[in-house]
Amino acid sequence: MSEVRVRIAPSPSGNLHVGTARTALFNYLFAKKNNGKFVLRIEDTDAERTSQEYIDNIFDSLKALGLNWDEGPDVGGPYGPYTQSQRFDIYPKYAQMLLDKGFAYECFCTPEELEAEKELATQNKKPYVYSKKCENLTEAEKEKLRAEGRKPAIRFNIAKAQKAFHDSTILKFDDLVKGELHMDTALLGDFVIMKSNGTPTYNFAVVIDDMLMKISHVIRGEDHISNTFKQILIFEALGAEVPRFGHLGMILAPDRSKLSKRHGATAVSEFVEKGYLTDALINFVALLGWSPSDGKEIKTVDEIAQDFRINDVSSSNSIFEYDKLNWMNSHYIKMLPIEELKERLKPYLTKYNLNELTDAQYTRMVEITREPLTLLSDITDAVPYFFGEDVEVEPKVQAEILDTEVAQNVLKEFVKQSKDWSFDEETLHEKLEAFRAQFKELGIKPKVTMWAVRAAVTGRTCGADMTAILAILGKEKSLRRIESAIKQPV
RNA sequence: GCUCCCAUCGUCUAGAGGCCUAGGACAACACCCUUUCACGGUGUAGACGGGGAUUCGAAUUCCCCUGGGAGUACCA
């Protein structure tokens, strides 16, 4: 077999969507597994919806996910340019070739005429197919229309191509993931390949680009299945080799509709902003439609590539549920080396003055607060009590903990006993253990004892390891907070 | 409307005729651990959409129904 070459061809009309990311991933995996090339092509034929900002977002997101391309707009390659808008001069040649071979014809129909045809079809409850009324225009007729100032579009002649290459109007192909797929080409209708403004339509541009870029396998979403039949016919009419196709199920929102903004984040960059790790995201998305042969679900992209077989990919749609993604993200956060975690958390700590802590204290703070994090951004609300002189005590905590007699006794006792403690973790651990034991003798549960201390120092009833918190804050600050929580006898 | 695709626990899935009284993961619940929250550990509950057919035997094959998704542009 010739070289495996796959591509991802996003259109920059928005930020990189997670669905596109998954398609990119599966292409990448397929390329890696088969020692092939992974190509990035930007399909920006529709100038109005395209923006440089989106192009940058696509590049950045793909890179962040670790899906590096071998050829693309920025890195170049032997079959460039890799941006469709820079290839506009090459499409007309091939359109002309199709015209010459009789597989395409000029169409002078106006939008109004076309609209009327469609209207009629819906009225008669018939499926709309183009009437082909421009198929057999004479040169004289065309000249006349041209003289009127009408610019023709070019349509592909389905029936001609079908008859030239197939016995039946039923066209079949063997899909890499779904198996044999078929379609009656008689139902397709002669579609436009070159718009009257001289730019190619999607279905034409893809074929020309895939052909010229020597793409061997086209792996994409199943929303392209019906396009595939059109594209196969174009490949054949051009005398080009038809690539193999593989169509992936769609990613759906929990309500089974298309994943869109109203369901939350859809772009990879939005997930990153929310505090998701790209490693977790890509791992999660890989599991949508694919499962590891050894049952181990936490895997790097390279590990997945070793185990990847395109025909093992599920052909059904899958629902994007946050539960598992969240679990995976917290898992990846736990796995992150401490130094890296410290850096990645900083963007979410801008409201605090990190200079209040030494590097060692910051390290310890991260160590003891990382456990319950689901998102990196969760750190923001997990650490306010490490900063500032005083703490904000939640009203409920004030009423239910600090205002109780038990708590007041605990705190008074704590102040008294801790006067001569050294506030390093080791000492604190020992002393606190003994401290709890004293109160236990009095019938006060260890956790009640600690609640009092925790409430006074952090203003909360839950949080990180109390010993470490006291050590980080230091004796002076800890005691000041506790003293101010003690009600003076009136 | 027409065409195409899909169908196993709530979700992602394993399963390619007997290994399935259907396995795993997430979520849920219970218990254990414990200075709180969590982590972790151990358990519990939970599915082959329905109906036919083939077969000694079907989650696995075929047909119908139902449900869901997609396509139907001079968008991509």
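Basis for what follows: all heavy atoms, side chains included, without hydrogens, waters or symmetry-related copies. None of these values were measured; they are calculated from a predicted model. Residue numbering restarts at 1 for every chain, and letters A, B, ... go by the order of the sequence lines.
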*Asks:* Check Leu248(A) against Val313(A) and note the closest heavy-atom contact, atom names and distance.
*Replies:*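 Result for this residue pair: CD1-CG1, 4.0 Å.
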
*Asks:* If you measure from the C1' atom in G50(B) to the same atom in U8(B), how many Å do you get, rounded?
*Replies:*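 Rounded to whole Å, the distance is 15 Å.
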
*Asks:* Provide the distance between the two C1' atoms, one in A14(B) and one in C48(B), to the nearest whole Å.
*Replies:*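 Rounded to whole Å, the distance is 13 Å.
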
*Asks:* Closer than 4.0 Å, any side-chain N/O of His182(A) to the OP1 or OP2 of C5(B)?
*Replies:*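 The answer is yes; a side-chain N or O of His182(A) sits under 4.0 Å from OP1 or OP2.
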
*Asks:* Nearest to the Asp323(A) side chain among A70(B), C39(B), A27(B), which nucleotide is it?
*Replies:*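 Given the options A70(B), C39(B), A27(B), the side chain of Asp323(A) is closest to A27(B).
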
*Asks:* Is it the case that atom NZ in Lys195(A) sees more than 12 heavy atoms from other parts of the structure closer than 6.0 Å?
*Replies:*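 Yes, because the 6.0 Å sphere around NZ of Lys195(A) holds more than 12 heavy atoms from other groups.
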
*Asks:* With respect to the side chain of Lys334(A), which nucleotide from A7(B), U13(B), C39(B) is positioned closest?
*Replies:*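 So the side chain of Lys334(A) is nearest to C39(B).
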
*Asks:* Run the salt bridge (charged side-chain N to carboxylate O under 4.0 Å, His left out) test on Arg436(A) and Glu413(A) for me, step by step, so that the C-alpha distance in whole Å, both residues' side-chain angles and the decisive distance to 0.1 Å come before the verdict.
*Replies:* CA-CA 11 Å; Arg436(A) 283 192 293 274; Glu413(A) 213 31 55; over 6 Å; no

*Asks:* Should C9(B) form a Watson-Crick or G-U wobble pair with both distances under 3.5 Å, which nucleotide is its partner?
*Replies:*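 Paired with no nucleotide.
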
*Asks:* Please classify the nucleic acid contact of Ala9(A) as base, sugar-phosphate, or nothing, using heavy-atom distances under 4.0 Å.
*Replies:*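 Here Ala9(A) touches no strand at all.
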
*Asks:* Among the candidates A25(B), U13(B), A70(B), find the nucleotide nearest to the side-chain atoms of Lys258(A).
*Replies:*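 Nearest nucleotide to the side chain: A70(B).
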
*Asks:* So, is Arg155(A) near the phosphate of C74(B), with a side-chain N or O under 4.0 Å from OP1 or OP2?
*Replies:*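 Affirmative; the distance criterion is met.
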
*Asks:* Side chain of Ile225(A) only, heavy atoms from C-beta on: which candidate in C4(B), C37(B), U36(B) is closest?
*Replies:*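 Taking heavy atoms from C-beta onward, the closest nucleotide is C4(B).
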
*Asks:* For atom P, what is the distance between U61(B) and G69(B), given to the nearest Å?
*Replies:*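 It comes out at 24 Å once rounded to the nearest Å.
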
*Asks:* Is the phosphate of U72(B) approached by Lys126(A) (side-chain N or O, under 4.0 Å from OP1 or OP2)?
*Replies:*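 Answer is no, no contact under 4.0 Å.
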
*Asks:* Is Thr199(A) touching bases, backbone alone, or none of the nucleic acid, heavy atoms closer than 4.0 Å?
*Replies:*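 Thr199(A): no heavy atom of the nucleic acid under 4.0 Å.
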
*Asks:* Using heavy-atom distances to pick each residue's nearest nucleotide on RNA chain B, tell me which of Ser291(A) and Leu181(A) is more 5'.
*Replies:*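 In this pair, the answer is Leu181(A).
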
*Asks:* In whole Å, what separates the P atom of G18(B) from that of G57(B)?
*Replies:*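 14 Å, rounded to whole Å.
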
*Asks:* Within the 4.0 Å heavy-atom criterion, would you say Asp465(A) contacts the bases, only the backbone, or no part of the nucleic acid?
*Replies:*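 If one applies the 4.0 Å heavy-atom cut-off, Asp465(A) turns out to touch a base.
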
*Asks:* Quick check on Glu340(A): does its CD atom have over 12 non-hydrogen neighbours (other residues, nucleotides or ligands) under 6.0 Å away?
*Replies:*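 Check passes, neighbour count above 12.
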
*Asks:* Of the nucleotides G69(B), A76(B), C4(B), which one has an atom closest to the side chain of Met183(A)?
*Replies:*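 From the listed options, C4(B) comes nearest.
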
*Asks:* Roughly how many Å apart are G43(B) and U55(B), using the C1' atom of each and rounding to a whole number?
*Replies:*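 Approximately 40 Å lies between the C1' atom of U55(B) and that of G43(B).
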
*Asks:* Check this one for me: any side-chain N or O of Ser226(A) less than 4.0 Å away from OP1 or OP2 of A70(B)?
*Replies:*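 So the side-chain polar atoms of Ser226(A) never come under 4.0 Å of the phosphate oxygens OP1 or OP2 of A70(B).
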
*Asks:* Using the rule ring-ring contact (aromatic ring centres under 6.0 Å, His included), only one of Phe245(A), Phe191(A), Phe173(A) pairs with Phe229(A); which is it?
*Replies:*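 It is Phe173(A), the one option of Phe245(A), Phe191(A), Phe173(A) that forms the ring-ring contact (aromatic ring centres under 6.0 Å, His included) with Phe229(A).
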
*Asks:* Could you give the CG-to-C1' distance, from Leu288(A) to C26(B), as a whole number of Å?
*Replies:*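 Taking CG of Leu288(A) and C1' of C26(B), I get 12 Å after rounding.
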
*Asks:* It should be established whether Arg256(A) places a side-chain nitrogen or oxygen under 4.0 Å from OP1 or OP2 of nucleotide U11(B).
*Replies:*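 So the side-chain polar atoms of Arg256(A) do come within 4.0 Å of the phosphate oxygens OP1 or OP2 of U11(B), strictly under.
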
*Asks:* Quote, to the nearest angstrom, the P distance that separates G40(B) from A45(B).
*Replies:*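 It works out to 22 Å between them.
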
*Asks:* Nearest of C74(B), C5(B), G1(B) to any side-chain atom of Lys178(A)?
*Replies:*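 Taking heavy atoms from C-beta onward, the closest nucleotide is C5(B).
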
*Asks:* Are Phe156(A) and Phe204(A) near enough that their ring centres are under 6.0 Å apart?
*Replies:*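 For Phe156(A) and Phe204(A), the ring centres are not under 6.0 Å apart.
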
*Asks:* Of all the choices, U3(B), A7(B), U35(B), which nucleotide is nearest to the side chain of Leu187(A) once you look at every atom?
*Replies:*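 Within the option list, the nearest is U3(B).
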
*Asks:* Tell me what Asn326(A) touches on the nucleic acid: a base, only sugar-phosphate, or nothing, going by heavy atoms under 4.0 Å.
*Replies:*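 If one applies the 4.0 Å heavy-atom cut-off, Asn326(A) turns out to touch nothing in the nucleic acid.
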
*Asks:* Yes or no on side-chain contact (heavy atoms from CB on, under 4.5 Å) for Ile154(A) and Val192(A), after CA distance, side-chain angles and deciding distance?
*Replies:* CA-CA 6 Å; Ile154(A) 299 174; Val192(A) 171; over 6 Å; no

*Asks:* Check the phosphate of A76(B) against Lys195(A), side-chain N and O only, distance under 4.0 Å to OP1 or OP2. Yes or no?
*Replies:*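 Indeed, a polar side-chain atom of Lys195(A) lies that close.
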
*Asks:* Any idea which of U36(B), A76(B), G24(B) is nearest the Gln84(A) side chain?
*Replies:*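 Comparing U36(B), A76(B), G24(B) against the side chain of Gln84(A), the answer is A76(B).
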
*Asks:* With a cut-off of less than 4.0 Å, is there a side-chain N or O of Thr449(A) near OP1 or OP2 of U35(B)?
*Replies:*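 Indeed not, no polar side-chain atom of Thr449(A) lies that close.
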
*Asks:* Taking the same atom, P, in G23(B) and in A47(B), what whole-Å distance lies between them?
*Replies:*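 After rounding to an integer number of Å, I get 11 Å for this pair.
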
*Asks:* Do the rings of Phe414(A) and Phe435(A) sit parallel, tilted or perpendicular, given the 30° and 60° boundaries?
*Replies:*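 Correct class here is perpendicular.
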
*Asks:* Return the orientation label for the Tyr105(A) and Tyr130(A) ring planes: parallel under 30°, perpendicular over 60°, tilted otherwise.
*Replies:*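 Ring orientation of Tyr105(A) relative to Tyr130(A): parallel.
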
*Asks:* Starting the side chain at C-beta, find the nucleotide from C75(B), C39(B), U36(B) nearest to Lys447(A).
*Replies:*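 Closest nucleotide among those given: U36(B).
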
*Asks:* Give the ring-plane orientation class for Tyr322(A) versus Tyr276(A), where under 30° counts as parallel, over 60° as perpendicular and anything between as tilted.
*Replies:*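 Tilted, since the angle between the ring planes falls between 30° and 60°.
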
*Asks:* Going by modelled atom types, is there a donor-acceptor pair between the base of C12(B) and the side chain of Ser318(A) at under 3.5 Å?
*Replies:*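 No, no donor-acceptor pair under 3.5 Å.
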
*Asks:* What integer number of Å spans the P atoms of U35(B) and G49(B)?
*Replies:*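 49 Å, rounded to whole Å.
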
*Asks:* Within the structure shown, what part of the strands sits under 4.0 Å from Gly463(A) by heavy-atom distance: base, sugar-phosphate, or nothing?
*Replies:*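 Result for Gly463(A) = base.
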
*Asks:* Could you write out each protein N or O paired with an N or O of nucleotides 41-46 of chain B at a distance under 3.5 Å?
*Replies:*
none

*Asks:* Any idea which of A76(B), G24(B), C74(B) is nearest the Lys118(A) side chain?
*Replies:*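 Within the option list, the nearest is C74(B).
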
